[in-house]
Amino acid sequence: MRSRGTRPRWRAGAGRTPTRSRRCSRRWRRAAAAAAPPPAAVHAHAVKLGLGGGAHVGSALVAAYASGGDGAAAARALRAAPTPVAWNALVSGHTRAGRHGEARRAFAAMVRAGAAPTRVTFVAVLAACGKARDARLGAQVHARVVGSGAVLLLPPPGAAKVENALLEMYAECGDMGSAWRLFDGMRVRGVVAWTSMVSGLARAGRAGEARGLFDRMPERDTVSWTAMIDGYVRAARFREALEVFREMQYSGARADEFTMVSVITACAQLGALEMGEWARVYMSRQGIGMDVVVGNALIDMYSKCGSIERALAVFKDMHRRDKFTWTNVILGLAVNGYGEEAIDMFHRMIRVSEAPDEVTFVGVLTACTHAGLVDKGREFFLSMTDTYKIAPNVVHYGCIVDLLGRAGRIAEALETIDQMPMGPNATILGTLLAACRLHGNAEIGESVAERLLQMDPGNSVAYILLSNMYAKSNKWEDVRRLRQAIMEKGIKKEPGCSLIEMNGVIYEFVAGDRSHPMSKEIYSKLEEIITGLKNTGYVPDITEVFVEVAEEEKQKVIYCHSEKLAIAFALLSPESNSVIRIVKNLRMCLDCHNAIKLITRVSVPSALNDQLLMVDGQQYSIEIILAVTLDIGLSLVVWSKAIFYGTAAFG
DNA sequence: ATAGGGTTAG
């Protein structure tokens, strides 16, 4: 028998599963609702035909008004024909419109009016409780369900929906204990219930247990596979998410838009551009459509992979755009160093009347930071409350502190921190400390570090930045004192870790890593590179070494930083990609920055190098195009996520 | 009129 993984492509679309067709019908209904004439017109027409008072028309109108978001009209239509079906239509219509508060109030009103809820009502109100995280009402509804016998008296197929809705409600509210009890007691445990448990566990931060349950599922469909993939994405276990996607393909289950959004999100977080591109090709081959959410995820993926051109190409191709589309493209431009363009994009967003939200403003403020537009940033910050009625949160204050701090306006940044209504958190103090280090302001730096350590005594970032600051101003006595304290308190810094994708495989290197099977070759390649650099005048910069070791040891520490290992690994491979892209968890250290710059100088004809070398105004953000030989254009993009936020430590 | 999975910051 031919294995499923190698079945011919032309069969890939054959044999629709029931799930697939159910989804299609759901989508069709959604599309039909969008294309339908406004409920008011239908209503008028029905009255003209003398059908205005009929119970069927009445409940259909309630449903149409409520799911269209017109609660007042829905309530009027209900008063005209207050049948049980119309009440159900009101509750479920509100739920469908995403107005969970309205749905819960409608349920309460229904009970007060003395109308008996049916299982349709229960299903709708439970969904609303789950989405709104309203466990209290959820439990009350549960009691009513039990009292009404909706579960026990009904034959299993009808009861299953109510039971599943209850289970899902508890899972969404994070009450996995109640969810488990229901799950264990179910007479019929279908794929829906299993899937609710899997995603509930994953949402509760229990991805391992979710996987255990997933592996025990008697049957898996598109939705369950997607739930598991997304579960790993939520747990920040992106490589495992992609691994499950691979297993899904072998299993013969079909992926859809939902699956691909989770896959693309995983690629985005890994900086796995190759894999992300492949996902897109896979979609078109499999006939999976591109909806807004997929487009939004693609924009984010390309931006995080440093390919703003491709992000913009997706943006241009999208015929429907929403708040996420605009926000993602603004963030992408800002983070890739196109501050002015990001601000232009924001103005375009306002022009098409898409309402910005708090995340949009994070993008706008980041853009101002990158473009060095301090006053404009402040204006935008003020406009949040004045014009857009959005209360700034800690993150926005963090942006302002970063904006002022990077511009060297340390005193104003400090003032901002002291005026924050919610008070600073450790992240913001770290941002200010980084600014102090950047501008060599030791006085404020010291007091900020003190505050930061008071708030979070084990904060390694504070020690590292402070130590870097002392080293920069040659205060070696202070550096030594600090390192002593670090040793005594046993403070450990987060290990530096770099990811690199080679031919569709994602490799991870931590500092000093020797776990790669080709470790020996990697280190000797690295040595070869370093020797080459030294011949052209490279001097290792050990001022940022955090650990207390002898001078010669410090060089060794620096040589095995994770990004250097990743670069050596990439240059080692004869089948090396034309683009080498490294994603790192921490900011690059000064030595890696210098070394990488030199690697390109050594290997690149200088004219080409000068033309293409781009530093985005900050000394740590690099995009270098590297040609190893005259005839092979090899581009090396070293991009650290941490570059763009002023708080990360070095390593 | 009816149950499960998707996107942005820190």
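Convention: sequence-line order gives letters A, B, ...; per-chain numbering from 1.
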**Student:** Describe the nucleic acid contact of A:T327 in one word from base, sugar-phosphate, nothing, applying a heavy-atom distance below 4.0 Å.
**Tutor:**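 A:T327: base contact, heavy atoms under 4.0 Å.
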**Student:** Taking atom types as they are modelled, is there a donor-acceptor pair under 3.5 Å from the base of B:dG4 to the side chain of A:S196?
**Tutor:**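 Result: no qualifying N/O pair found.
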**Student:** Using ring-ring contact (aromatic ring centres under 6.0 Å, His included) as the criterion, point out the one residue from A:Y232, A:F214, A:F258 that pairs with A:W225.
**Tutor:**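 With A:W225 as partner, ring-ring contact (aromatic ring centres under 6.0 Å, His included) holds for just one option, A:F214.
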**Student:** Could you tell me the separation between the CG atom of A:L213 and the C1' atom of B:dG5, rounded to a whole number of Å?
**Tutor:**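 Taking CG of A:L213 and C1' of B:dG5, I get 15 Å after rounding.
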**Student:** Using a cut-off of 4.0 Å on non-hydrogen atoms, how would the nucleic acid contact of A:V359 be classed: base, sugar-phosphate, or nothing?
**Tutor:**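 Counting heavy atoms under 4.0 Å across all strands, the contact made by A:V359 includes a base.
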**Student:** Do A:F107 and A:W87 have their ring centres less than 6.0 Å from each other?
**Tutor:**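 Centroid distance A:F107-A:W87: not below 6.0 Å, so no.
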**Student:** Would you classify A:S224 as touching base, sugar-phosphate or nothing, given that sugar-phosphate means primed atoms plus P, OP1 and OP2, and contacts are heavy atoms under 4.0 Å?
**Tutor:**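 Base contact - A:S224 has a heavy atom under 4.0 Å of at least one base atom.
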**Student:** Among A:W326, A:F381, A:Y388, which residue satisfies the ring-ring contact (aromatic ring centres under 6.0 Å, His included) criterion with A:F361?
**Tutor:**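 Exactly one candidate clears the test, A:Y388.
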**Student:** Measure from the side chain of A:D230, starting at C-beta and using heavy atoms only, and say which of B:dG5, B:dT8, B:dT2 lies closest.
**Tutor:**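 Nucleotide nearest to A:D230's side chain: B:dG5.
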**Student:** Heavy atoms from C-beta onward define the side chain here; which of B:dG5, B:dG6, B:dT7 lies closest to that of A:E257?
**Tutor:**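 Closest of the options to the side chain of A:E257: B:dG6.
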**Student:** So does A:K304 get a side-chain nitrogen or oxygen closer than 4.0 Å to the phosphate oxygens (OP1/OP2) of B:dA9?
**Tutor:**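 For B:dA9, OP1 or OP2 has a side-chain N or O of A:K304 closer than 4.0 Å.
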**Student:** Under 4.0 angstrom, heavy atoms only, what part of the nucleic acid is A:T360 near: base, sugar-phosphate, or nothing?
**Tutor:**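 Nothing: the residue A:T360, judged by heavy atoms under 4.0 Å, touches no strand.
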**Student:** Closest to the A:F324 side chain: B:dT7, B:dA3, B:dA9?
**Tutor:**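 Shortest atom-to-atom distance from the side chain points to B:dT7.
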**Student:** Quick one: which of B:dG5, B:dA3, B:dT7 gets closest to the side chain of A:A160?
**Tutor:**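 Among B:dG5, B:dA3, B:dT7, the one nearest the side chain of A:A160 is B:dA3.
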**Student:** Students often get this wrong, so: under 4.0 angstrom with heavy atoms, is A:V198 touching a base, only sugar-phosphate, or nothing?
**Tutor:**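 Touches nothing.
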**Student:** For A:V191, report the nucleic acid contact type (base, sugar-phosphate, nothing); a contact means any heavy atom under 4.0 Å.
**Tutor:**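 Base contact - A:V191 has a heavy atom under 4.0 Å of at least one base atom.
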**Student:** Please confirm whether any donor atom in the side chain of A:N425 sits under 3.5 Å from an acceptor in the base of B:dG10, or the reverse.
**Tutor:**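 There is none.
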**Student:** What's the closest nucleotide to the A:A63 side chain, out of B:dA1, B:dA9, B:dG6?
**Tutor:**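 Side chain of A:A63 sits closest to B:dA1.
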**Student:** Expressed as a whole number of angstroms, how long is the span from A:L182:CG to B:dG4:C1'?
**Tutor:**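 In whole Å, B:dG4 C1' lies 15 Å from A:L182 CG.
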**Student:** Of all residues at least two apart in sequence or in a different chain, which pass the salt bridge (charged side-chain N to carboxylate O under 4.0 Å, His left out) check with A:D134?
**Tutor:**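 With sequence neighbours excluded, A:D134 shows a salt bridge (charged side-chain N to carboxylate O under 4.0 Å, His left out) to A:R104, given in chain and number order.
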**Student:** What integer distance in Å separates A:F214:CZ from B:dG4:P?
**Tutor:**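 One finds 18 Å between P of B:dG4 and CZ of A:F214, rounded.
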**Student:** Would you state whether a donor and an acceptor, one from the side chain of A:D221 and one from the base of B:dG4, lie under 3.5 Å apart?
**Tutor:**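 Per atom types, the contact qualifies.
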**Student:** Supply the atom-to-atom distance A:M260 CE to A:L298 CG, rounded to the nearest 0.5 angstrom.
**Tutor:**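 The CG atom of A:L298 is 9.0 Å from CE of A:M260, to the nearest 0.5 Å.
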**Student:** B:dA3 C1' sits how many Å from A:K131 NZ, rounded?
**Tutor:**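 A:K131 atom NZ is separated from B:dA3 atom C1' by 10 Å.
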**Student:** Take the protein atom CE of A:M349 and the nucleotide atom P of B:dT8, then report the distance between them rounded to whole Å.
**Tutor:**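 Whole-Å distance recorded here is 15 Å.
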**Student:** Rounded to whole angstrom units, what separation is found between the CG atom of A:L201 and the P atom of B:dG5?
**Tutor:**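 Computing the A:L201:CG to B:dG5:P distance gives 13 Å.
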**Student:** Can a donor-acceptor pair under 3.5 Å be found between the side-chain atoms of A:D256 and the base atoms of B:dG5?
**Tutor:**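 Yes, a donor-acceptor pair under 3.5 Å.
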**Student:** Compare the minimum distances between each of B:dG4, B:dG5, B:dT8 and the side chain of A:V192, then state the nucleotide with the smallest one.
**Tutor:**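 Between B:dG4, B:dG5, B:dT8, the one nearest the side chain of A:V192 would be B:dG4.
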**Student:** Nearest of B:dT8, B:dT2, B:dG6 to any side-chain atom of A:D300?
**Tutor:**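 Out of B:dT8, B:dT2, B:dG6, the nucleotide with an atom closest to A:D300's side chain is B:dT8.
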**Student:** Please tell me if A:R234 has a side-chain N or O lying less than 4.0 Å from either OP1 or OP2 of B:dG6.
**Tutor:**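 It does, given that an N or O in the side chain of A:R234 lies less than 4.0 Å from OP1 or OP2 of B:dG6.
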**Student:** Decide, yes or no, whether a salt bridge links A:E243 with A:R211 under the criterion of side-chain N to carboxylate O below 4.0 Å.
**Tutor:**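 Result for this pair is no, no salt bridge flagged.
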**Student:** Give the rounded distance in Å between these two atoms: CG of A:N88 and C1' of B:dT2.
**Tutor:**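 So the two atoms are 9 Å apart, to the nearest Å.
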**Student:** Output the single nucleotide from B:dG5, B:dG10, B:dA1 whose closest atom is nearest the side chain of A:S92.
**Tutor:**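 Nearest to the side-chain atoms of A:S92, counting from C-beta on, is B:dA1.
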**Student:** Using atom CZ of A:F361 as one end and atom P of B:dT8 as the other, report the distance to the nearest whole Å.
**Tutor:**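 In whole Å, B:dT8 P lies 20 Å from A:F361 CZ.
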**Student:** Go through the steps to decide whether A:D344 and A:H347 satisfy the test side-chain hydrogen bond (donor to acceptor under 3.5 Å, both in side chains), and finish with yes or no.
**Tutor:** CA-CA 5 Å; A:D344 287 345; A:H347 289 131; 4.8 Å; no
**Student:** Among B:dA1, B:dT7, B:dA9, find the nucleotide with the atom closest to the side chain of A:V293.
**Tutor:**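 Between B:dA1, B:dT7, B:dA9, the one nearest the side chain of A:V293 would be B:dT7.
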**Student:** From the options B:dG6, B:dG5, B:dA3, select the nucleotide whose nearest atom is closest to the side chain of A:A227.
**Tutor:**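 Closest nucleotide among those given: B:dG5.
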